[in-house]
Amino acid sequence: MYIPSGLTEIAPGVHAWLPDFPGTWGMANCVLIASGPAALLVDTPYTAALTRSLTAAAHRVLPPQAAISTVVNTHGNGDHSYGNGLFPDAEIISTHANLGHLCAEPEPEQLHALLDQCDSGDLFQRYMLAHFGRYDYQGLKLTPPTRTFTGRLEVEVGSTAVELIEVGPAHTSGDLIVHLPDSQVVCAGDVLFIGDVPVHWAGPLGGVIDACQRILDLDPRIVVPGHGPLVGPAEVSTYMNFIDDVRTRIHALHASGLNTEEAARILLREHQDTDLGLVERLAVLTATEYRHLNQDTTPLELVEVLGAAVRLAPDCVPATVPERAVLLADFHARL
Ligand SMILES: [Zn+2]
């Protein structure tokens with residue numbers, strides 16, 4: 001596991017910030033697109049310290065007068081948007097549908113307080129500490145997009161054409177992908193996870209498969225997932241097959257009359273030997289797909305859904321976890 005100290009140039013003028021944190025939550029990829037004095041950042045990190053680290057790395061590859069004047073959020077989850085507030089002068093672009101999703105999870109300060117109060121004696125709270133206890137959310141304000149669109153939006157970054165394509169609802173209600181036609185790069189956001197079982201909050205899973213097909217239709221050379229290493233079209237196809245298998249199985253379990261919890265238990269048992277991390281997310285995928293099959297339109301509570309998933313997969317929770325202060329200090333020391 002490591003936090004990058006610099007950016008990796010994956011195509012001319014396209015620089016990726018690629019943390020390597022398999023098997024845990026929150027460390028998302030970001031991409032800087034630079035041309036002349038203009039720069040656009042795809043997604044912002046989860047904390048102020050991570051965002052400052054990324055910004056410093058960005059300025060080492062940008063010309064002296066350049067500024068990140070545009071931020072694009074692929075979706076509204078905090079691990080892709082909490083850093084927005086550190087770009088007060090930038091235009092922040094996302095889909096119109098993302099505005100609603102920003103309310104589905106705790107605000108940064110709320111999440112910080114919630115983690116400060118977590119009791120490692122409680123199963124779910126210990127899980128939260130193990131995966132989120134390292135993050136310091138102080139000083140972050142929820143900063144929504146300043147410009148929204150539906151469907152498709154083209155923007156110019158210097159002389160580089162950037163296409164923003166709405167592909168949600170899929171991972172969340174308002175996902176978008178970023179296409180760079182000149183370099184054949186696609187930033188997928190969290191419609192694509194590599195290395196871990198994906199989590200999808202909105203769905204349906206058929207929407208995730210369709211979103212990935214939109215990526216393949218662009219004939220990309222490099223695909224940057226929301227989490228995990230860079231991939232090509234072959235890995236996107238493998239991922240689509242995994243989602244399709246899970247979707248087919250959930251539909252069969254639903255058709256046989258099982259409730260969400262019963263179906264999730266079976267799915268977890270069937271995937272207990274998987275090489276992918278965060279297997280407990282299968283219970284979230286089950287809950288998401290069941291909401292569609294049951295035409296349940298009640299508002300989604302992310303923490304509640306995740307809590308139910310963790311209780312169904314208690315083996316995913318470590319027996320012990322360091323205190324919050326130790327987790328924070330250890331993580332900060334890596335920066
Ligand atoms: Zn994410």
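As the structure is a prediction and not an experimental result, all values here were calculated from the model. Counting starts at 1 for both ligands and their atoms, in listed order. Heads up: numbering here begins at 1 and tracks the sequence.
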Does the plane of the ring in Y127 sit parallel, tilted or perpendicular to the ring in F124? Use 30° and 60° as the thresholds.
parallel
From D245 CG over to I250 CD1, what is the distance, rounded to the nearest 0.5 angstrom?
11.0 Å
Does a side-chain heavy-atom distance below 4.5 Å link I93 with F149?
yes
Look at H80 and state whether any of its N, O or S atoms is less than 2.8 Å from the Zn ion (ligand 1).
yes
Which N/O/S atom belongs to D79 and is the closest one to the Zn ion (ligand 1)?
OD2
Has H227 got an N, O or S atom lying less than 2.8 Å from the Zn ion (ligand 1)?
yes
In D190, which N, O or S atom comes closest to the Zn ion (ligand 1)?
OD2
If you draw the axis of the six-membered ring of W25, does the NZ or CZ of R134 fall within 45° of it and under 6.0 Å from the ring centre?
no
